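Take a look at the structure set out below.
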Amino acid sequence: MQRTLWLGVAASVCIALGSYGAGATRNRSGLMRELGLDALTYGHGRGLMDGLLTVGILGLLVAWLLLGRARPGLRATRLATCAWTAPLVLSGPVLSRDVYSYLMQGAMLRDGYDPYTEGAAVNPGPYLWEVSHDWRNTTTPYGPLHLGLGKAITSVVDDDVTAGLVAYKLISLAGFALIVWAVPRIACELGGNAEFALWIGATNPVMLLHLVGGMHNESVMVGLVSAGLLACIAPERRRFAWSTAGIALIALAVSLKATAAIALPFVVWILLARYAGGAHTSWPRRVGVFTGSGAWTVAVTAAVVNLVTVLSGSSWGWVEEISGNSKVVNPLAGPTLLAELITPIAQLINEDFHYNSALAATRAASGILMLAGLVVVWWYFRPKDRTLADATAVAGTAAAYAVAFVANSVTLPWYYASLISLVGTFRAPAWVKRVAVGGSVVIALAFTGSGNHRFYDPWFLVVAPFAALLSVVLVWPRGGVDKQIGARTPSPARA
(Lines give C-alpha, C1' and ligand atoms only; values in the text may rest on other atoms or scores of the structure.)
Protein backbone atom coordinates (compact mmCIF):
# COMPACT_ATOMS: atom_id res chain seq x y z
CA MET A 1 0.00 0.00 0.00
CA GLN A 2 2.77 2.47 0.88
CA ARG A 3 4.51 1.91 -2.45
CA THR A 4 1.24 2.40 -4.29
CA LEU A 5 0.53 5.57 -2.33
CA TRP A 6 3.92 7.07 -3.11
CA LEU A 7 3.75 5.98 -6.74
CA GLY A 8 0.56 8.02 -7.07
CA VAL A 9 2.16 11.01 -5.33
CA ALA A 10 5.20 10.86 -7.62
CA ALA A 11 2.92 10.58 -10.65
CA SER A 12 0.91 13.60 -9.56
CA VAL A 13 4.12 15.59 -9.06
CA CYS A 14 5.15 14.70 -12.62
CA ILE A 15 1.76 15.86 -13.91
CA ALA A 16 1.99 19.11 -11.96
CA LEU A 17 5.51 19.86 -13.27
CA GLY A 18 4.69 18.77 -16.81
CA SER A 19 1.56 20.92 -16.90
CA TYR A 20 3.66 24.10 -17.07
CA GLY A 21 5.37 23.04 -20.28
CA ALA A 22 2.97 20.59 -21.95
CA GLY A 23 -0.40 21.43 -20.42
CA ALA A 24 -2.83 24.11 -21.55
CA THR A 25 -0.04 26.67 -21.37
CA ARG A 26 -0.43 30.42 -21.66
CA ASN A 27 -0.15 32.07 -25.08
CA ARG A 28 0.99 35.34 -23.49
CA SER A 29 3.12 35.82 -20.36
CA GLY A 30 2.71 33.20 -17.61
CA LEU A 31 4.85 31.66 -14.90
CA MET A 32 7.35 29.95 -17.20
CA ARG A 33 8.13 33.17 -19.02
CA GLU A 34 8.50 35.07 -15.76
CA LEU A 35 10.98 32.45 -14.54
CA GLY A 36 12.90 32.51 -17.83
CA LEU A 37 11.88 28.92 -18.60
CA ASP A 38 9.65 29.57 -21.59
CA ALA A 39 11.96 27.38 -23.71
CA LEU A 40 10.23 24.44 -22.01
CA THR A 41 6.87 25.45 -23.53
CA TYR A 42 7.78 24.88 -27.19
CA GLY A 43 10.01 22.73 -29.39
CA HIS A 44 12.22 20.10 -27.79
CA GLY A 45 11.64 21.59 -24.34
CA ARG A 46 7.92 21.06 -24.66
CA GLY A 47 8.60 17.53 -25.89
CA LEU A 48 10.50 16.79 -22.67
CA MET A 49 7.70 18.27 -20.56
CA ASP A 50 5.15 16.28 -22.54
CA GLY A 51 7.09 13.12 -21.74
CA LEU A 52 7.05 14.05 -18.06
CA LEU A 53 3.31 14.70 -18.17
CA THR A 54 2.63 11.43 -19.98
CA VAL A 55 4.71 9.45 -17.50
CA GLY A 56 2.73 11.10 -14.72
CA ILE A 57 -0.63 10.17 -16.21
CA LEU A 58 0.45 6.58 -16.81
CA GLY A 59 1.88 6.36 -13.29
CA LEU A 60 -1.31 7.73 -11.77
CA LEU A 61 -3.37 5.16 -13.67
CA VAL A 62 -1.14 2.31 -12.53
CA ALA A 63 -1.23 3.51 -8.92
CA TRP A 64 -5.03 3.77 -9.05
CA LEU A 65 -5.42 0.27 -10.45
CA LEU A 66 -3.02 -1.20 -7.90
CA LEU A 67 -4.93 0.57 -5.14
CA GLY A 68 -8.16 -1.01 -6.36
CA ARG A 69 -6.51 -4.42 -6.52
CA ALA A 70 -5.33 -4.05 -2.91
CA ARG A 71 -8.92 -3.59 -1.64
CA PRO A 72 -8.05 -0.74 0.76
CA GLY A 73 -10.29 0.44 3.57
CA LEU A 74 -12.12 3.74 3.44
CA ARG A 75 -9.47 5.59 5.43
CA ALA A 76 -6.65 4.39 3.16
CA THR A 77 -8.64 5.26 0.04
CA ARG A 78 -9.37 8.74 1.38
CA LEU A 79 -5.69 9.20 2.23
CA ALA A 80 -4.66 8.22 -1.29
CA THR A 81 -7.23 10.59 -2.76
CA CYS A 82 -5.94 13.52 -0.72
CA ALA A 83 -2.27 12.66 -1.29
CA TRP A 84 -2.68 12.37 -5.06
CA THR A 85 -4.75 15.54 -5.22
CA ALA A 86 -2.22 17.65 -3.30
CA PRO A 87 0.39 18.07 -6.10
CA LEU A 88 -2.36 18.87 -8.60
CA VAL A 89 -3.34 21.85 -6.46
CA LEU A 90 -0.15 23.47 -7.77
CA SER A 91 -0.53 22.37 -11.41
CA GLY A 92 -1.40 24.56 -14.33
CA PRO A 93 -4.45 23.72 -16.50
CA VAL A 94 -4.13 20.32 -18.18
CA LEU A 95 -6.03 18.45 -20.91
CA SER A 96 -8.24 21.46 -21.74
CA ARG A 97 -8.18 25.24 -22.18
CA ASP A 98 -11.77 25.66 -20.99
CA VAL A 99 -10.81 27.49 -17.80
CA TYR A 100 -9.61 30.43 -19.89
CA SER A 101 -13.05 30.55 -21.51
CA TYR A 102 -14.63 30.56 -18.05
CA LEU A 103 -12.60 33.63 -17.13
CA MET A 104 -13.37 35.28 -20.44
CA GLN A 105 -17.11 34.74 -20.10
CA GLY A 106 -17.07 36.13 -16.57
CA ALA A 107 -15.17 39.19 -17.79
CA MET A 108 -17.73 39.67 -20.57
CA LEU A 109 -20.59 39.81 -18.07
CA ARG A 110 -18.50 42.09 -15.85
CA ASP A 111 -17.93 44.45 -18.77
CA GLY A 112 -21.56 44.56 -19.87
CA TYR A 113 -21.55 42.01 -22.70
CA ASP A 114 -23.99 39.10 -23.01
CA PRO A 115 -22.14 35.77 -23.33
CA TYR A 116 -25.40 34.15 -24.48
CA THR A 117 -25.58 36.27 -27.64
CA GLU A 118 -21.97 37.34 -28.24
CA GLY A 119 -18.67 35.52 -28.55
CA ALA A 120 -15.52 36.27 -26.59
CA ALA A 121 -14.00 38.23 -29.49
CA VAL A 122 -16.18 41.26 -28.69
CA ASN A 123 -14.13 41.91 -25.55
CA PRO A 124 -10.40 41.94 -26.42
CA GLY A 125 -7.90 41.68 -23.61
CA PRO A 126 -5.60 39.30 -21.71
CA TYR A 127 -8.30 36.67 -21.27
CA LEU A 128 -9.15 36.56 -24.97
CA TRP A 129 -5.54 35.80 -25.86
CA GLU A 130 -5.75 32.57 -23.88
CA VAL A 131 -9.14 31.37 -25.20
CA SER A 132 -8.97 28.59 -27.78
CA HIS A 133 -9.54 29.89 -31.31
CA ASP A 134 -12.45 27.45 -31.62
CA TRP A 135 -14.43 29.31 -28.95
CA ARG A 136 -13.64 32.97 -29.63
CA ASN A 137 -16.85 33.50 -31.59
CA THR A 138 -19.02 31.00 -29.73
CA THR A 139 -21.68 31.75 -27.13
CA THR A 140 -21.67 29.92 -23.80
CA PRO A 141 -24.10 27.10 -22.93
CA TYR A 142 -23.50 27.39 -19.17
CA GLY A 143 -25.96 28.73 -16.65
CA PRO A 144 -26.10 31.91 -14.55
CA LEU A 145 -24.10 30.49 -11.63
CA HIS A 146 -21.21 29.84 -14.01
CA LEU A 147 -21.31 33.43 -15.23
CA GLY A 148 -21.84 34.77 -11.72
CA LEU A 149 -18.73 32.98 -10.45
CA GLY A 150 -16.71 34.21 -13.42
CA LYS A 151 -17.97 37.75 -12.95
CA ALA A 152 -17.12 37.71 -9.25
CA ILE A 153 -13.61 36.35 -9.87
CA THR A 154 -12.74 38.77 -12.67
CA SER A 155 -14.17 41.68 -10.69
CA VAL A 156 -11.72 40.87 -7.90
CA VAL A 157 -8.62 39.94 -9.95
CA ASP A 158 -9.38 42.34 -12.82
CA ASP A 159 -7.52 41.08 -15.92
CA ASP A 160 -4.87 39.10 -14.05
CA VAL A 161 -5.02 35.69 -15.73
CA THR A 162 -2.76 33.99 -13.17
CA ALA A 163 -4.85 35.16 -10.23
CA GLY A 164 -7.99 34.07 -12.08
CA LEU A 165 -6.56 30.58 -12.55
CA VAL A 166 -5.73 30.37 -8.84
CA ALA A 167 -9.32 31.38 -7.98
CA TYR A 168 -10.79 28.73 -10.29
CA LYS A 169 -8.42 26.13 -8.86
CA LEU A 170 -9.77 26.86 -5.38
CA ILE A 171 -13.37 26.62 -6.62
CA SER A 172 -12.61 23.30 -8.35
CA LEU A 173 -11.04 21.97 -5.16
CA ALA A 174 -14.12 22.96 -3.16
CA GLY A 175 -16.35 21.06 -5.58
CA PHE A 176 -14.02 18.04 -5.57
CA ALA A 177 -13.92 18.03 -1.76
CA LEU A 178 -17.71 17.92 -1.76
CA ILE A 179 -17.59 14.84 -4.03
CA VAL A 180 -15.04 13.13 -1.77
CA TRP A 181 -17.23 13.86 1.25
CA ALA A 182 -20.63 12.91 -0.25
CA VAL A 183 -19.97 9.87 -2.45
CA PRO A 184 -18.98 7.31 0.24
CA ARG A 185 -21.84 8.52 2.44
CA ILE A 186 -24.33 7.94 -0.37
CA ALA A 187 -22.91 4.42 -0.76
CA CYS A 188 -23.36 3.72 2.95
CA GLU A 189 -26.97 4.87 2.81
CA LEU A 190 -27.71 2.71 -0.22
CA GLY A 191 -25.98 -0.43 1.01
CA GLY A 192 -23.17 -0.08 -1.48
CA ASN A 193 -19.45 -0.29 -0.82
CA ALA A 194 -18.09 3.05 0.41
CA GLU A 195 -14.48 2.15 -0.39
CA PHE A 196 -15.25 1.19 -3.96
CA ALA A 197 -17.52 4.22 -4.38
CA LEU A 198 -14.72 6.58 -3.34
CA TRP A 199 -12.10 4.69 -5.36
CA ILE A 200 -14.09 4.73 -8.61
CA GLY A 201 -15.91 8.01 -7.99
CA ALA A 202 -13.19 10.36 -6.73
CA THR A 203 -9.73 8.74 -6.62
CA ASN A 204 -10.27 7.90 -10.29
CA PRO A 205 -7.65 9.62 -12.53
CA VAL A 206 -10.45 10.91 -14.76
CA MET A 207 -11.79 12.87 -11.78
CA LEU A 208 -8.37 14.06 -10.60
CA LEU A 209 -7.10 15.04 -14.04
CA HIS A 210 -10.18 16.79 -15.37
CA LEU A 211 -11.84 18.21 -12.26
CA VAL A 212 -8.73 19.27 -10.32
CA GLY A 213 -6.11 19.49 -13.06
CA GLY A 214 -8.46 20.74 -15.77
CA MET A 215 -10.54 22.90 -13.39
CA HIS A 216 -13.77 22.10 -15.19
CA ASN A 217 -17.03 23.39 -13.76
CA GLU A 218 -18.20 19.78 -13.53
CA SER A 219 -16.32 19.71 -10.24
CA VAL A 220 -18.79 22.06 -8.58
CA MET A 221 -21.77 20.69 -10.49
CA VAL A 222 -21.09 17.06 -9.53
CA GLY A 223 -20.31 18.06 -5.96
CA LEU A 224 -23.64 19.87 -5.62
CA VAL A 225 -25.60 16.99 -7.19
CA SER A 226 -23.86 14.48 -4.90
CA ALA A 227 -24.63 16.56 -1.81
CA GLY A 228 -28.20 17.08 -3.03
CA LEU A 229 -28.83 13.38 -3.51
CA LEU A 230 -27.37 12.64 -0.09
CA ALA A 231 -29.71 15.20 1.49
CA CYS A 232 -32.68 13.59 -0.27
CA ILE A 233 -31.94 10.04 0.90
CA ALA A 234 -30.07 10.27 4.21
CA PRO A 235 -31.96 12.05 7.00
CA GLU A 236 -34.33 10.11 9.24
CA ARG A 237 -35.91 13.27 10.68
CA ARG A 238 -37.32 16.38 9.02
CA ARG A 239 -37.17 14.57 5.73
CA PHE A 240 -39.27 17.10 3.85
CA ALA A 241 -36.93 19.93 4.84
CA TRP A 242 -33.85 17.89 3.93
CA SER A 243 -35.40 16.79 0.64
CA THR A 244 -36.18 20.40 -0.19
CA ALA A 245 -32.60 21.34 0.62
CA GLY A 246 -31.41 18.50 -1.61
CA ILE A 247 -33.56 19.70 -4.49
CA ALA A 248 -32.23 23.23 -3.96
CA LEU A 249 -28.62 21.98 -4.15
CA ILE A 250 -29.32 20.10 -7.38
CA ALA A 251 -31.12 23.19 -8.72
CA LEU A 252 -28.01 25.23 -7.87
CA ALA A 253 -26.02 22.72 -9.93
CA VAL A 254 -28.52 23.17 -12.78
CA SER A 255 -27.86 26.92 -12.67
CA LEU A 256 -24.21 26.06 -13.30
CA LYS A 257 -24.75 23.44 -16.02
CA ALA A 258 -28.01 22.01 -17.31
CA THR A 259 -26.73 18.41 -17.19
CA ALA A 260 -27.50 18.35 -13.47
CA ALA A 261 -31.24 18.46 -14.25
CA ILE A 262 -31.10 14.77 -15.20
CA ALA A 263 -31.09 13.90 -11.48
CA LEU A 264 -34.30 15.79 -10.65
CA PRO A 265 -36.91 13.38 -12.11
CA PHE A 266 -35.39 10.60 -9.99
CA VAL A 267 -35.73 12.76 -6.89
CA VAL A 268 -39.48 12.71 -7.60
CA TRP A 269 -39.35 8.90 -7.36
CA ILE A 270 -37.57 9.20 -3.99
CA LEU A 271 -40.29 11.52 -2.70
CA LEU A 272 -43.04 9.28 -4.07
CA ALA A 273 -41.66 6.22 -2.28
CA ARG A 274 -41.23 8.18 0.93
CA TYR A 275 -44.67 9.80 1.14
CA ALA A 276 -47.03 7.57 -0.85
CA GLY A 277 -46.90 4.65 1.58
CA GLY A 278 -46.52 0.95 0.79
CA ALA A 279 -47.43 -1.14 -2.21
CA HIS A 280 -51.08 -1.29 -1.16
CA THR A 281 -51.55 2.49 -1.19
CA SER A 282 -54.50 3.57 -3.31
CA TRP A 283 -53.84 4.91 -6.78
CA PRO A 284 -55.48 8.30 -6.08
CA ARG A 285 -53.08 8.84 -3.20
CA ARG A 286 -50.07 7.78 -5.26
CA VAL A 287 -51.09 10.05 -8.12
CA GLY A 288 -51.60 12.91 -5.71
CA VAL A 289 -48.20 12.41 -4.05
CA PHE A 290 -46.53 12.04 -7.43
CA THR A 291 -48.11 15.24 -8.73
CA GLY A 292 -47.28 17.14 -5.58
CA SER A 293 -43.68 15.87 -5.55
CA GLY A 294 -43.17 16.79 -9.17
CA ALA A 295 -44.71 20.23 -8.70
CA TRP A 296 -42.60 20.92 -5.62
CA THR A 297 -39.42 19.82 -7.38
CA VAL A 298 -40.17 22.09 -10.34
CA ALA A 299 -41.11 25.01 -8.10
CA VAL A 300 -37.98 24.80 -5.95
CA THR A 301 -35.76 24.40 -9.02
CA ALA A 302 -37.34 27.37 -10.81
CA ALA A 303 -37.07 29.55 -7.71
CA VAL A 304 -33.39 28.72 -7.13
CA VAL A 305 -32.36 29.16 -10.77
CA ASN A 306 -34.29 32.41 -11.03
CA LEU A 307 -32.68 33.72 -7.82
CA VAL A 308 -29.21 32.87 -9.11
CA THR A 309 -30.04 34.53 -12.44
CA VAL A 310 -31.10 37.76 -10.72
CA LEU A 311 -28.14 37.83 -8.32
CA SER A 312 -25.61 37.13 -11.08
CA GLY A 313 -27.00 39.84 -13.34
CA SER A 314 -27.33 37.24 -16.08
CA SER A 315 -30.34 36.03 -18.08
CA TRP A 316 -32.17 32.87 -19.16
CA GLY A 317 -30.37 32.92 -22.51
CA TRP A 318 -28.44 29.75 -21.61
CA VAL A 319 -31.59 27.69 -22.24
CA GLU A 320 -31.31 28.45 -25.96
CA GLU A 321 -27.55 27.90 -26.03
CA ILE A 322 -27.31 24.46 -24.41
CA SER A 323 -26.28 22.83 -27.69
CA GLY A 324 -24.06 25.74 -28.72
CA ASN A 325 -20.79 23.75 -28.74
CA SER A 326 -21.86 21.28 -31.42
CA LYS A 327 -18.73 22.08 -33.43
CA VAL A 328 -16.80 19.54 -31.30
CA VAL A 329 -16.36 16.24 -33.13
CA ASN A 330 -15.03 13.14 -31.41
CA PRO A 331 -16.24 9.53 -31.19
CA LEU A 332 -17.03 9.75 -27.46
CA ALA A 333 -20.39 10.97 -28.75
CA GLY A 334 -22.49 8.18 -30.22
CA PRO A 335 -23.74 10.19 -33.24
CA THR A 336 -20.18 11.03 -34.24
CA LEU A 337 -19.03 7.43 -33.95
CA LEU A 338 -22.00 6.25 -35.98
CA ALA A 339 -21.38 8.88 -38.68
CA GLU A 340 -17.76 7.76 -38.95
CA LEU A 341 -18.84 4.15 -39.43
CA ILE A 342 -21.53 5.03 -41.97
CA THR A 343 -19.54 7.44 -44.16
CA PRO A 344 -16.92 5.02 -45.61
CA ILE A 345 -19.62 2.49 -46.42
CA ALA A 346 -21.87 5.12 -48.03
CA GLN A 347 -18.96 6.44 -50.09
CA LEU A 348 -18.46 3.00 -51.63
CA ILE A 349 -21.90 3.46 -53.13
CA ASN A 350 -21.86 7.22 -53.68
CA GLU A 351 -18.46 8.92 -53.81
CA ASP A 352 -20.14 12.33 -53.39
CA PHE A 353 -21.54 11.39 -50.00
CA HIS A 354 -20.20 13.75 -47.34
CA TYR A 355 -19.36 13.07 -43.72
CA ASN A 356 -21.21 16.18 -42.58
CA SER A 357 -24.42 14.85 -44.12
CA ALA A 358 -24.14 11.67 -42.09
CA LEU A 359 -23.25 13.61 -38.93
CA ALA A 360 -26.26 15.92 -39.28
CA ALA A 361 -28.56 12.93 -39.71
CA THR A 362 -27.12 10.91 -36.83
CA ARG A 363 -27.21 13.90 -34.49
CA ALA A 364 -30.84 14.61 -35.33
CA ALA A 365 -31.81 10.97 -34.82
CA SER A 366 -29.80 10.62 -31.62
CA GLY A 367 -31.45 13.71 -30.16
CA ILE A 368 -34.82 12.01 -30.47
CA LEU A 369 -33.45 8.71 -29.20
CA MET A 370 -31.84 10.44 -26.22
CA LEU A 371 -35.12 12.01 -25.12
CA ALA A 372 -36.93 8.71 -25.57
CA GLY A 373 -34.14 6.85 -23.75
CA LEU A 374 -34.25 9.22 -20.79
CA VAL A 375 -38.00 8.69 -20.44
CA VAL A 376 -37.60 4.90 -20.67
CA VAL A 377 -34.81 4.89 -18.07
CA TRP A 378 -36.81 7.13 -15.74
CA TRP A 379 -39.82 4.83 -15.93
CA TYR A 380 -37.78 1.63 -15.67
CA PHE A 381 -36.14 2.83 -12.45
CA ARG A 382 -39.40 3.82 -10.78
CA PRO A 383 -39.75 2.62 -7.15
CA LYS A 384 -41.10 -0.94 -7.22
CA ASP A 385 -39.92 -1.77 -3.70
CA ARG A 386 -40.12 1.00 -1.12
CA THR A 387 -37.10 -0.30 0.80
CA LEU A 388 -34.93 -0.11 -2.34
CA ALA A 389 -36.40 3.11 -3.77
CA ASP A 390 -33.42 5.31 -2.93
CA ALA A 391 -30.88 2.92 -4.45
CA THR A 392 -33.09 2.43 -7.50
CA ALA A 393 -33.39 6.18 -8.02
CA VAL A 394 -29.63 6.77 -7.78
CA ALA A 395 -28.96 3.84 -10.13
CA GLY A 396 -31.50 5.33 -12.51
CA THR A 397 -29.74 8.70 -12.35
CA ALA A 398 -26.46 7.03 -13.31
CA ALA A 399 -28.15 5.14 -16.15
CA ALA A 400 -29.77 8.34 -17.40
CA TYR A 401 -26.40 10.09 -17.45
CA ALA A 402 -25.01 7.20 -19.50
CA VAL A 403 -27.84 7.50 -22.03
CA ALA A 404 -27.37 11.26 -22.27
CA PHE A 405 -23.61 11.12 -22.81
CA VAL A 406 -23.72 8.30 -25.36
CA ALA A 407 -26.52 9.90 -27.40
CA ASN A 408 -25.53 13.56 -27.00
CA SER A 409 -24.22 15.45 -30.04
CA VAL A 410 -21.09 16.39 -28.11
CA THR A 411 -19.43 14.42 -25.32
CA LEU A 412 -16.13 15.26 -23.65
CA PRO A 413 -14.22 13.23 -21.03
CA TRP A 414 -15.13 15.38 -18.04
CA TYR A 415 -18.84 14.93 -18.78
CA TYR A 416 -18.47 11.39 -17.45
CA ALA A 417 -17.67 12.75 -13.98
CA SER A 418 -21.42 12.83 -13.32
CA LEU A 419 -21.71 9.12 -14.09
CA ILE A 420 -18.44 8.01 -12.49
CA SER A 421 -19.28 9.71 -9.19
CA LEU A 422 -22.45 7.61 -8.80
CA VAL A 423 -21.60 4.25 -10.34
CA GLY A 424 -20.05 2.89 -7.12
CA THR A 425 -22.70 4.12 -4.71
CA PHE A 426 -25.21 1.33 -5.35
CA ARG A 427 -24.88 -2.42 -5.87
CA ALA A 428 -24.19 -2.35 -9.58
CA PRO A 429 -23.78 -5.56 -11.63
CA ALA A 430 -20.23 -6.81 -12.11
CA TRP A 431 -20.16 -5.86 -15.79
CA VAL A 432 -21.02 -2.25 -14.96
CA LYS A 433 -18.05 -2.04 -12.60
CA ARG A 434 -15.74 -3.55 -15.19
CA VAL A 435 -16.94 -1.16 -17.89
CA ALA A 436 -16.50 1.77 -15.51
CA VAL A 437 -12.89 0.82 -14.78
CA GLY A 438 -11.94 0.03 -18.37
CA GLY A 439 -13.71 3.11 -19.68
CA SER A 440 -11.99 5.31 -17.10
CA VAL A 441 -8.59 4.13 -18.30
CA VAL A 442 -9.43 4.87 -21.95
CA ILE A 443 -10.84 8.31 -21.13
CA ALA A 444 -7.84 9.21 -18.94
CA LEU A 445 -5.49 8.42 -21.82
CA ALA A 446 -7.59 9.98 -24.57
CA PHE A 447 -6.46 13.62 -24.38
CA THR A 448 -3.09 15.31 -24.66
CA GLY A 449 -1.91 17.88 -22.15
CA SER A 450 -2.88 20.77 -24.42
CA GLY A 451 -6.45 19.50 -24.83
CA ASN A 452 -6.35 17.69 -28.19
CA HIS A 453 -7.75 14.18 -28.31
CA ARG A 454 -6.13 11.01 -29.64
CA PHE A 455 -9.21 9.26 -31.00
CA TYR A 456 -7.96 9.49 -34.59
CA ASP A 457 -4.43 8.30 -33.82
CA PRO A 458 -4.10 4.71 -35.09
CA TRP A 459 -1.82 3.67 -32.23
CA PHE A 460 -4.35 4.84 -29.67
CA LEU A 461 -7.19 2.94 -31.34
CA VAL A 462 -5.07 -0.21 -31.10
CA VAL A 463 -3.73 0.33 -27.58
CA ALA A 464 -6.88 1.64 -25.86
CA PRO A 465 -8.95 -1.60 -25.90
CA PHE A 466 -5.99 -3.63 -24.61
CA ALA A 467 -5.34 -1.06 -21.88
CA ALA A 468 -8.97 -1.27 -20.79
CA LEU A 469 -8.91 -5.08 -20.75
CA LEU A 470 -5.63 -5.25 -18.84
CA SER A 471 -6.90 -2.77 -16.26
CA VAL A 472 -9.93 -4.94 -15.54
CA VAL A 473 -7.77 -8.05 -15.23
CA LEU A 474 -5.39 -6.22 -12.90
CA VAL A 475 -8.15 -5.08 -10.55
CA TRP A 476 -10.09 -8.37 -10.66
CA PRO A 477 -7.50 -11.08 -11.38
CA ARG A 478 -10.00 -13.86 -10.61
CA GLY A 479 -13.15 -12.00 -11.60
CA GLY A 480 -14.56 -11.97 -8.06
CA VAL A 481 -16.22 -8.57 -8.20
CA ASP A 482 -19.00 -9.04 -5.66
CA LYS A 483 -16.85 -10.93 -3.16
CA GLN A 484 -14.05 -8.38 -3.19
CA ILE A 485 -14.94 -4.89 -4.33
CA GLY A 486 -18.70 -4.98 -4.44
CA ALA A 487 -19.38 -6.23 -0.93
CA ARG A 488 -22.31 -4.70 0.87
CA THR A 489 -21.61 -2.08 3.53
CA PRO A 490 -24.94 -1.24 5.13
CA SER A 491 -25.64 2.17 6.60
CA PRO A 492 -25.29 2.06 10.41
CA ALA A 493 -28.75 3.56 10.64
CA ARG A 494 -30.23 0.69 8.62
CA ALA A 495 -28.06 -2.22 9.73
Side-chain angles (χ1 to χ4, degrees), residues 16 19-21 23-35 37-38 41 85-116 118-133 135-136 138-140 142-178 210-221 223-224 252 255-257 308-315 318 414 450-451:
S19 70
Y20 288 98
T25 53
R26 298 272 296 277
N27 294 322
R28 303 283 183 95
S29 189
L31 179 64
M32 299 297 278
R33 184 166 297 179
E34 295 296 326
L35 294 175
L37 299 173
D38 52 322
T41 64
T85 302
L88 298 179
V89 173
L90 303 177
S91 77
V94 290
L95 309 180
S96 171
R97 301 188 67 83
D98 279 12
V99 67
Y100 299 117
S101 293
Y102 298 169
L103 288 166
M104 182 71 247
Q105 290 154 7
M108 289 176 67
L109 188 63
R110 177 199 66 187
D111 295 339
Y113 296 98
D114 182 4
Y116 296 134
E118 300 171 290
V122 302
N123 193 22
Y127 292 128
L128 180 62
W129 295 336
E130 309 303 336
V131 174
S132 171
H133 293 279
W135 305 121
R136 293 187 178 184
T138 304
T139 55
T140 180
Y142 302 125
L145 180 58
H146 164 80
L147 292 182
L149 288 172
K151 178 182 177 181
I153 290 171
T154 55
S155 296
V156 172
V157 306
D158 195 33
D159 287 339
D160 188 331
V161 178
T162 300
L165 291 175
V166 171
Y168 261 110
K169 177 71 78 170
L170 295 175
I171 290 173
S172 298
L173 285 170
F176 186 71
L178 198 54
H210 290 290
L211 301 194
V212 180
M215 293 180 272
H216 286 284
N217 55 19
E218 261 79 5
S219 181
V220 175
M221 184 199 78
L224 289 171
L252 196 60
S255 73
L256 182 69
K257 191 170 183 179
V308 174
T309 301
V310 172
L311 292 177
S312 68
S314 182
S315 71
W318 58 279
W414 47 92
S450 60

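Since the model is a prediction, treat every value here as computed from it, not as a measurement.
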Discussion item. Can you pull out every side chain to side chain donor-acceptor pair (under 3.5 Å) where at least one residue sits in residues 151-160? Sequence neighbours excluded, please.
Written reply: R110-D159
Worksheet item: So, do Y127 and V161 sit near enough that their side-chain heavy atoms are less than 4.5 Å apart?
Response: yes
Practice prompt. May I have the step-by-step check of side chain to side chain contact (heavy atoms under 4.5 Å, CB included) for S101 and V131, ending in yes or no?
Written response: CA-CA 5 Å; S101 293; V131 174; 3.6 Å; yes
Fill in: Student check: side-chain heavy atoms of P115 and L147 closer than 4.5 Å
yes
Worksheet item: For S91, what residues pass the side chain to side chain donor-acceptor pair (under 3.5 Å) criterion, not counting sequence neighbours?
Response: K169
Discussion item. Using side-chain heavy atoms (C-beta onward) and a distance below 4.5 Å, is T25 in contact with Y20?
Written reply: no
Worksheet entry | Atom of S96, atom of A24 and distance for their closest heavy-atom approach | O-CB, 3.2 Å
Practice prompt. For the pair R136 (side chain) and L128 (backbone), establish whether a donor and an acceptor sit closer than 3.5 Å, ignoring hydrogens and angles.
Written response: yes
Discussion item. If we ignore hydrogens and angles and just use 3.5 Å, is the side chain of N27 paired with the main-chain N or O of W129 as donor and acceptor?
Written reply: yes
Worksheet item: Do L37 and L31 touch side chain to side chain, with heavy atoms closer than 4.5 Å?
Response: no
Worksheet item: Which residues pass the ring pair (Phe, Tyr, Trp, His ring centres under 6.0 Å) test with H146, sequence neighbours left out?
Response: Y102, Y142
Fill in: salt bridge (Lys or Arg N to Asp or Glu O under 4.0 Å) contacts touching residues 93-104 (sequence neighbours left out)
R97-E130
Item to complete: Would you please test L173 and T85 for side chain to side chain contact (heavy atoms under 4.5 Å, CB included) and show each step?
Response: CA-CA 9 Å; L173 285 170; T85 302; 4.0 Å; yes
Worksheet entry | V310: partners by side-chain contact (heavy atoms from CB on, under 4.5 Å), with sequence neighbours left out | N306
Worksheet, complete the sentence: CG (N217) and CG (L149) are apart, to the nearest 0.5 Å, by 9.0 Å
Fill in: side-chain contact (heavy atoms from CB on, under 4.5 Å) partners of L90, counting only residues at least two apart
none
Worksheet item: L211 and S219: which non-hydrogen atoms are nearest, and at how many Å?
Response: CD2-N, 3.8 Å
Fill in: Donor-acceptor contact present, side-chain E34 to main-chain G30, <3.5 Å
no
Worksheet item: Minimum heavy-atom separation for P93 to Y100, with atom names?
Response: CG-OH, 3.8 Å
Worksheet entry | Rounded distance (nearest 0.5 Å) linking atom CH2 of W318 with atom CG of L145 | 11.0 Å
Worksheet entry | I153 vs I171 side-chain heavy atoms within contact, under 4.5 Å | yes
Item to complete: Drop me the distance from T41's OG1 to R33's CZ, to the nearest 0.5 angstrom.
Response: 7.0 Å
Worksheet entry | Minimum heavy-atom distance G313-L109, with the two atoms named | O-CD1, 3.7 Å
Worksheet item: Which heavy-atom pair separates P144 from T309 by the least distance, and what is that distance?
Response: CG-OG1, 3.3 Å
Discussion item. I'd like to check V308 versus L311 (side-chain heavy atoms, cut-off strictly below 4.5 Å). Are they in contact?
Written reply: no
Practice prompt. Apply side chain to side chain contact (heavy atoms under 4.5 Å, CB included) to the pair R26 and T162, showing each step before the final yes or no.
Written response: CA-CA 10 Å; R26 298 272 296 277; T162 300; 3.1 Å; yes
Worksheet item: Rounded to the nearest 0.5 Å, what separation is found between the CG atom of L170 and the CE atom of M215?
Response: 10.0 Å
Worksheet item: For the atom pair OG (S314) and CD (Q105), what is the distance rounded to the nearest 0.5 Å?
Response: 10.5 Å
Fill in: OH on Y113 to CE on M108, rounded to 0.5 Å
8.0 Å
